[in-house]
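Read the numbers this way: they start at 1 and go in the same order the structure lists the ligands and their atoms.
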Amino acid sequence: MPIIAPSLLAADFTNLQSAINLIENSQADWYHLDVMDGAFVPNISFGQPVIAALKLKSSKFFDVHLMVEKPERYAEDFKKAGADLLTVHAEACIHLHRNIQQIKALGMQVGVALNPHTPIECLQYIIQHIDLVCLMSVNPGFGGQKFIETTYQKIREVKQMIDATFSSAIIEIDGGVTLQNAKDLVDAGATVLVAGNTVFSATNPTQMIADLKAVK
Ligand code: DX5
Ligand code: ZN
C-alpha cells in the first residue's frame, strides 16, 4: 500500500483546522507541505510559522517540500517548526551533498526533489545518503496541473538505481496524481503519492484518501 501524503496547498487556507481534522481522521499517512519562495518557483505559498502552528495540532508525519533557493538558510527553522522529512531541490543546491549532511545532522529525514527535466544522474553519488527521491510530475509552483507522462520511465530508472546501490531511499511522486494514475505509479516503483487537488476537490476527501491508499 502506498504512503498517502495530501498536499495542503489545495486546502482552504481560511480553514486549515478542517484540513487537519480531515487528515487526522483519515487513512492519510503524511502531511505534504509545499514551501515556495517566489524565486526558485514563480509562486509564494507559506512558511515555517504556518507549519509550526499546524504541527501543534497534528499527530502525523510532516513531509516538507522546499521549493526554495539556498535552502540551507532555513533547514534549522523547519526542524524547529516540526518537519520530520525535509526535501530540497537538486536544482536549488550548489552544494547538495553538504545540504544533505546538514539536514541529517539536524535530525530530520532528507529528500531530494528533481524537476521534470532534471536527469536522474545527479543522484548517483548521493542516493545512498538520502531517505526519499521526490520526482516532480508537474513543473513545481502550482497545484492542479496535468501529470507529465514521462514520469513513469523516470520512476523505473530511479528504482533501478536504488536497487543497484542497495539504497533505502523511497520514491515520492508529486503533481497531478489521481485515482486513475495511482496504480500505474505504484507499479512503476513509487511508494509515496502526494495528492493536492485530487483530495481537496473530491466530493468526499476522506473516501478519496481511502481509495488512493487501497491502490496496490
Ligand atoms: C507543486 C507542489 C505539489 C502540489 C501538488 O509545486 O509541489 O505538491 O501541491 O498538487 P496537485 O496534486 O494538485 O497536482
Ligand atoms: Zn510538493
Side-chain angles (χ1 to χ4, degrees), residues 2-13 16 19 22-23 26 28-48 50-51 54 60-69 71 74 78 81 83-93 108-118 130-152 154-155 170-186 190-203 205 208-209 211-213 215:
I3 290 170
I4 305 301
S7 167
L8 263 62
L9 194 62
D12 175 358
F13 285 178
L16 288 175
L22 163 67
I23 293 175
S26 77
D29 302 277
W30 295 0
Y31 289 75
H32 183 84
L33 299 147
D34 288 303
V35 178
M36 304 178 182
D37 67 352
F40 178 66
V41 288
N43 198 8
I44 298 175
S45 57
F46 51 79
Q48 40 296 42
V50 172
I51 292 174
L54 291 165
K60 295 188 177 181
F61 188 93
F62 270 33
D63 161 26
V64 176
H65 178 193
L66 293 188
M67 285 159 275
V68 169
E69 288 182 354
Y74 300 110
F78 283 103
D84 296 294
L85 165 77
L86 199 62
T87 293
V88 296
H89 267 263
E91 306 86 359
C93 298
M108 292 177 281
Q109 292 187 37
V110 58
V112 172
L114 302 185
N115 283 336
H117 77 280
T118 302
I130 64 179
D131 299 290
L132 177 142
V133 176
C134 174
L135 294 180
M136 293 306 304
S137 37
V138 298
N139 283 294
F142 304 92
Q145 301 180 81
K146 190 173 173 297
F147 179 84
I148 296 171
E149 296 287 328
T150 47
T151 306
Y152 294 114
K154 208 167 177 183
I155 298 171
I170 57 175
I171 300 173
E172 173 178 70
I173 304 304
D174 189 6
V177 172
T178 64
L179 203 47
Q180 285 68 46
N181 61 22
K183 183 177 177 347
D184 288 342
L185 293 168
V186 172
T191 300
V192 186
L193 301 178
V194 174
N197 278 270
T198 289
V199 166
F200 286 98
S201 301
T203 317
M208 177 56 75
I209 291 169
D211 291 346
L212 289 167
K213 186 75 189 167
V215 163

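- Interatomic distance, CG of Leu22 versus CG of Leu16, reported as 12.0 Å (0.5 Å rounding).
- Residue Gly111 comes nearest to Leu85 through the heavy atom pair N-CD1, 3.8 Å, listed as atom of the first residue, atom of the second, then distance.
- Using 4.0 Å as the threshold, Thr198 has no heavy atom nearer than that to any atom of ligand 1.
- Thr178 is not listed as a side-chain neighbour of Phe147, based on a closest heavy-atom distance of 4.5 Å or more.
- In terms of protein heavy atoms, atom 6 (O) of ligand 1 is closest to Gly141 N, 2.8 Å.
- Backbone and side-chain nitrogen or oxygen atoms of Asn139 are examined, and none is located within less than 3.5 angstrom of a nitrogen or oxygen of ligand 1.
- With Val41 as reference, Met36 is the one residue of Glu69, Met36, His89 to meet the side chain to side chain contact (heavy atoms under 4.5 Å, CB included) rule.
- Checking only distances, Val194 never comes within under 3.5 Å of ligand 1, N or O to N or O.
- Ranking protein heavy atoms by distance to atom 1 (C) of ligand 1, first place goes to Phe142 O, 3.5 Å.
- Contacts of Asn197 with ligand 1, taken as heavy-atom pairs under 4.0 Å, involve both backbone and side chain.
- Among heteroatoms of the N, O or S kind in Asp34, OD1 lies nearest the Zn ion (ligand 2).
- Residue Cys134: no N/O/S atom is found under 2.8 Å from the Zn ion (ligand 2).
- Nearest non-hydrogen protein atom to atom 14 (O) of ligand 1 is Gly176 N, 2.9 Å.
- Given atom 2 (C) of ligand 1, the protein heavy atom at minimum distance is Asp34 OD1, 3.4 Å.
- When non-hydrogen atoms are compared, ligand 1 lies under 4.0 Å from the backbone of Ala195 (N, CA, C, O) but not from its side chain.
- Annotation: side chain of Leu8 is in contact with side chain of Phe200 (closest heavy-atom distance under 4.5 Å).
- Residue, atom and distance of the protein heavy atom nearest to atom 12 (O) of ligand 1 are Gly196 N, 2.8 Å.
- Of all protein heavy atoms, the one closest to atom 11 (P) of ligand 1 is Gly144 N, 3.7 Å.
- Put simply, no part of Ala10 is less than 4.0 Å from ligand 1, judged by heavy atoms.
- Of the N or O atoms in Pro140, none lie within a sub-3.5 Å distance of an N or O in ligand 1.
- Between the NE2 atom of His32 and the ND1 atom of His65, the angle taken at the Zn ion (ligand 2) works out to 100° after rounding to 10°.
- Counting protein heavy atoms only, atom 9 (O) of ligand 1 is closest to Ser7 OG, 2.9 Å.
- Regarding atom 8 (O) of ligand 1, its nearest protein heavy-atom neighbour is Asp174 OD1, 2.6 Å.
- Summary: OD2 is the N/O/S atom of Asp174 found nearest to the Zn ion (ligand 2).
- The distance from the CG atom of Leu33 to the CD1 atom of Ile51 is 5.0 Å, given to the nearest 0.5 Å.
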Show your working on side-chain hydrogen bond (donor to acceptor under 3.5 Å, both in side chains) between His32 and Asp34 and close with a plain yes or no. CA-CA 7 Å; His32 183 84; Asp34 288 303; 2.9 Å; yes
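- For ligand 1, the polar-atom distance check against Val138 finds no nitrogen or oxygen pair separated by under 3.5 Å.
- A 4.5 Å side-chain heavy-atom check between Trp30 and Glu172 finds at least one atom pair inside the cut-off.
- Annotation: side chain of Leu135 is in contact with side chain of Ile171 (closest heavy-atom distance under 4.5 Å).
- A 4.5 Å side-chain heavy-atom check between Pro116 and Thr151 finds every atom pair outside the cut-off.
- Side-chain contact between Tyr31 and Ile23 is present, with at least one heavy-atom pair separated by less than 4.5 Å.
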